[in-house]
Asks: 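Got a structure for you, questions after.
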Amino acid sequence: MEFMKKTEYLSGNRLFRETTIFIILAVTLAFIYNAISSKGIAFFGEWDKDIGVVNPRSKDTLVDHDLEIGSVQTAKRIFDTGNAVFVDVRSEDQYQDGHIKGAVMMPVNEFDRLIDAFQNQYPPETLLITYCSGRQCQDSHLAAQFFFENGYWNVSVFIDGFFAWESEGYPVERDDESNSE
Amino acid sequence: MKAIPNNPWLELAARWFLALTFLYASYSKILNPGQFAKIIYGYGLFPGCIINLMAITIPWLEFVAALSLMAGIYPRSGALLINVMLVLYMIVLSINLIRGYQFDCGCFSPKSHNSSTSWLLIRDVFYLILGIFILRFKNFRKWCLCGFGRLSELIA
């Protein structure tokens, strides 16, 4: 306790001053690093689901709102034409639990393994509609970019995803049943 | 033998443990702020206009505070910063625990697995106890570059 009397370290002012310096230092470093990092993000992200898939607007973002199909009804109209291939990019388990009728399973972490078989079955001009769980999920955009890189040029993203489709009562399939509408 | 709360070696162990924990916690979040921003969004508590600013700054606050504890540069201030963050984390966790909200805490990595909220709270209480111990420690501190540890300051 004698030691404490000889120092001013219990001083609230000094503690506050040092802490403020740390905060200023941390915030400064944070913004400098964010500016130079290839994975830096904008100061304000897109977190409004009404606009599209939510995302932090990072420098390496894959989200392209121009590709997005903005409503379940529009996606259903495309589905009804029978000209589009819906691609489910969720996990295999989720796909087996239920997917849009006729959708191709293409889990986002298995693209490299599955793309050859996919290309053998579907030519580059095929209209592809990628989807995942909903507007919080960016995997459908990741898949779209992957398909572009592999020669497909007619790709759109159904941003409302499987659960919005299912809740509308549109055609779905599950592993243990061929069709339930 | 010194009482445990005044043992400098114990303070050093607590300080380094908390420092390493927060250095590890900040590392992945600094490297991938976008993923961390999505996790903050997933908490469902914060307005969109501050999510990115939180994702940019919080990991660096953790990093700087952890470095201060590790190097012994004004460790009381580092501990205070960590304690404040821990209290805020616990408030956020408690709110989501009460409303039964499932989410990824993103505590150590933006891609970390989900842990039960109760377990996360218990863990944060443990960290907070260490943080308070470091903050309230009243004896000479071992291996401090500056701030309540150097001999020159002891006799100043």
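In what follows, every chain begins at residue 1, and chains take the letters A, B, ... in the order their sequences are listed.
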Asks: Do the side chains of Phe46(B) and Trp47(A) get nearer than 4.5 Å, heavy atoms only?
Replies: no
Asks: Quick check on the hydrophobic clustering: are Ile134(B) and Phe63(B) connected, directly or via other members, by side-chain heavy-atom contacts under 4.5 Å?
Replies: yes
Asks: Output yes when a side-chain donor or acceptor of Asn52(B) lies under 3.5 Å from a complementary backbone atom of Ala42(A), and no otherwise.
Replies: yes
Asks: Same cluster or not: are Val172(A) and Phe163(A) linked, directly or through other Ile, Leu, Val, Met, Phe, Trp or Tyr residues, by side-chain heavy atoms under 4.5 angstrom apart?
Replies: yes
Asks: Side chains of Asn34(A) and Pro33(B): does their closest heavy-atom pair fall under 4.5 Å?
Replies: yes
Asks: Looking at CG of Asp60(A) and CG of Asn32(B), how far apart are the two atoms once the value is rounded to the nearest 0.5 Å?
Replies: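 Reported value, rounded in 0.5 Å steps: 7.5 Å.
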Asks: What part of Gln136(A) is in contact with chain B, defined as an atom under 4.5 angstrom from a non-hydrogen atom: side chain, backbone, both or neither?
Replies: both
Asks: If I take atom CG from residue Leu61(B) and atom OG1 from residue Thr19(A), how far apart are they, to the nearest 0.5 angstrom?
Replies: 11.0 Å
Asks: Would you mind checking which part of Ile30(B) comes under 4.5 Å of any heavy atom in chain A, side chain (CB onward), backbone (N, CA, C, O), both or neither?
Replies: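 When you check distances to chain A, atoms from both the backbone and side chain of Ile30(B) fall under 4.5 Å.
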Asks: So do the side chains of Leu25(A) and Trp60(B) get within less than 4.5 Å of each other, counting heavy atoms only?
Replies: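 Contact flag for Leu25(A)/Trp60(B) side chains = no.
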Asks: Any chance NZ of Lys59(A) has more than 12 other-residue heavy atoms, nucleotides or ligands included, within less than 6.0 Å?
Replies: yes
Asks: Does any backbone or side-chain atom of Leu80(B) lie under 4.5 Å from a heavy atom of chain A? Answer side chain, backbone, both or neither.
Replies: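 For Leu80(B), the contact with chain A is made by the side chain alone.
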Asks: So which of Gly40(A), Ser58(A), Gly45(A) has the biggest tally of heavy-atom pairs under 4.5 Å with chain B?
Replies: Gly45(A)
Asks: What are the two closest non-hydrogen atoms of Leu31(B) and Tyr33(A), and how far apart are they?
Replies: CD2-OH, 3.5 Å
Asks: Count I, L, V, M, F, W, Y as connected when their side-chain heavy atoms are under 4.5 Å apart, and connections chain through other members. Are Trp153(A) and Val155(A) then in the same cluster?
Replies: no
Asks: Looking only at heavy atoms, which two atoms of Ile41(A) and Ala37(B) are closest? And how far apart?
Replies: CD1-CB, 4.4 Å
Asks: Transitively linked via ILVMFWY side-chain contacts under 4.5 Å: Ile40(B) with Phe22(B)?
Replies: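 Yes, it is one cluster - the side chains of Ile40(B) and Phe22(B) are joined through contacts under 4.5 Å.
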Asks: Hey, what do you get for CD (Glu46(A)) to OH (Tyr41(B)), rounding to the nearest 0.5 Å?
Replies: 12.0 Å
Asks: Does the pair Leu15(A) and Tyr74(B) meet the rule for a side chain to side chain contact (heavy atoms under 4.5 Å, CB included), with working shown?
Replies: CA-CA 9 Å; Leu15(A) 188 62; Tyr74(B) 304 124; over 6 Å; no
Asks: Same cluster or not: Met105(A) versus Phe147(A), using hydrophobic residues (I, L, V, M, F, W, Y) connected whenever any side-chain heavy atoms lie under 4.5 Å apart?
Replies: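 No; tracing contacts between hydrophobic side chains, which count when under 4.5 Å, never links both residues.
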Asks: Any non-hydrogen side-chain atom of Leu53(B) less than 4.5 Å from a side-chain atom of Phe43(A)?
Replies: yes
Asks: Taking the side chain as every heavy atom from C-beta outward, state whether Gln138(A) and Lys38(B) have any atom pair closer than 4.5 Å.
Replies: yes
Asks: To the nearest 0.5 Å, what is the distance between CD1 on Ile23(A) and OG on Ser77(B)?
Replies: 9.5 Å
